[in-house]
Amino acid sequence: MMVEDSFFDKVYQVSRLIPVGRVTSYGAIAKYLGAARSARMVGWALNGTKTRGMDVPAHRVVNRKGVLTGKQHFGQRSLMQELLENEGIIIENDQILNFSEIFWDPEKELAL
DNA sequence: TTGCTGACCGACG
DNA sequence: CCGTCGGCCAGCA
């Protein structure tokens, strides 16, 4: 199967590996890809998922504080929260309460 | 082609 | 504690 080495495509691949009920951060993905300081690109890459129509659970990606900073990019601002809550994630005021419990670190889980 | 922007993060005062 | 700034890199006018 063809594997794209582009930064964007890697973001898509890693994002799809995020288990249900778990979340990760832009910085974690960026760091896993070897570009810890390019966390903004991760968010930018996820922005392209909607236009590209890719099946990437971007709602499981939040910032390092566990805040749904990218909720406004889901069309409806409540959509991202509802999707996460539907997976058993508790969110209050755009903040994931048990963030540290459900945090999914690709570097740790994928154990490279 | 140049320049601005952006769903972030960490450092500094 | 809080506000500000630089950095990283790809997409778009």
Side-chain angles (χ1 to χ4, degrees):
Chain A
M1 56 191 289
M2 58 182 194
V3 179
E4 312 243 350
D5 293 293
S6 302
F7 186 86
F8 273 44
D9 293 303
K10 285 187 178 181
V11 173
Y12 305 146
Q13 292 171 25
V14 175
S15 301
R16 275 182 293 194
L17 296 178
I18 304 175
V20 177
R22 300 275 183 159
V23 292
T24 188
S25 65
Y26 305 97
I29 297 176
K31 187 177 182 180
Y32 172 74
L33 297 180
R37 295 176 182 173
S38 302
R40 303 206 300 190
M41 286 282 56
V42 177
W44 193 253
L46 293 176
N47 186 26
T49 62
K50 61 181 183 182
T51 22
R52 286 190 166 195
M54 304 182 75
D55 293 327
V56 179
H59 61 276
R60 294 185 193 144
V61 184
V62 295
N63 66 355
R64 134 171 180 69
K65 304 170 196 168
V67 183
L68 280 57
T69 52
K71 64 177 183 179
Q72 64 177 325
H73 290 271
F74 279 79
Q76 290 186 55
R77 294 201 294 179
S78 56
L79 180 60
M80 185 175 185
Q81 179 173 337
E82 290 180 7
L83 288 172
L84 292 173
E85 288 180 337
N86 191 27
E87 296 180 354
I89 300 176
I90 309 302
I91 301 173
E92 185 172 306
N93 194 18
D94 299 332
Q95 164 70 50
I96 300 177
L97 299 184
N98 53 343
F99 178 63
S100 49
E101 297 179 12
I102 66 177
F103 180 70
W104 184 81
D105 190 347
E107 275 192 311
K108 186 177 181 179
E109 300 296 333
L110 299 180
L112 275 192

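Below, chain A is the first sequence line, B the second, and so on; all start at residue 1. Being a predicted model, the structure only gives us computed values, none of them experimental.
Listed by residue number, the members of residues 60-67 of chain A with any heavy atom below 4.0 angstrom from DNA chain C form an empty set.
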Grab the N/O contacts between the protein and nucleotides 3-7 of chain C below 3.5 Å, and write none if there aren't any.
residue: C/dG7; atom: O6; partner: A/Arg40; partner atom: NH1; Å: 2.9

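Contacts of A/Phe8 with the nucleic acid, taken as non-hydrogen atoms under 4.0 Å apart, involve only primed sugar atoms and P, OP1 or OP2. A/Ala30 comes within 4.0 angstrom of nothing in the nucleic acid, heavy atoms only.
If you take CZ of A/Phe7 and C1' of C/dG11, they are 14 Å apart, rounded to a whole angstrom. Nucleotide B/dA7 holds its P atom 17 Å from the CG atom of A/Leu79, rounded to whole Å. In this structure, A/Tyr12 atom OH and B/dA7 atom P are separated by 15 Å, rounded to whole Å. Straight-line distance from the CD1 atom of A/Ile29 to the P atom of B/dC9: 10 Å, rounded to whole Å. Atom CG in A/Leu33 sits about 12 Å away from atom P in C/dA10, given to the nearest Å. Atom-to-atom, CG of A/Leu46 to P of C/dG11 comes out at 14 Å; the value is rounded to the nearest Å.
A/Ser25 and A/Val61 make their closest contact through C-CG1, 4.2 Å (heavy atoms, listed as atom of the first residue, atom of the second, distance). Nearest heavy atom pair, residue A/Phe99 against residue A/Asn63, reads CZ-O, 3.9 Å. The two residues A/Phe7 and A/Met41 have their closest heavy-atom pair at CE2-CB, 3.5 Å. When all heavy atoms of A/Ala58 and A/Met80 are compared, the pair lying nearest together is O-CE, 4.0 Å. Of all the heavy atoms in A/Tyr12 and A/Val56, the pair that sits closest is CB-CG2, 4.0 Å.
Here the straight-line distance linking atom CZ of A/Phe103 with atom NZ of A/Lys108 works out to 9.5 Å at 0.5 Å rounding.
If you check B/dC9, B/dA7, C/dG11 against the side chain of A/Trp44, the one that comes closest is C/dG11. Closest to the A/Met41 side chain, of the nucleotides B/dC9, B/dA7, C/dC9, is C/dC9.
At a cut-off of 3.5 Å, with distance as the only test, no side-chain donor of A/His59 or A/Gln81 sits close to an acceptor on the other residue.
Not a single donor-acceptor pair under 3.5 Å links the side chain of A/Arg77 to the backbone N or O of A/Gln72.
The number of heavy atoms from other shown groups lying within 6.0 Å of CG (A/Leu17) is above 12.
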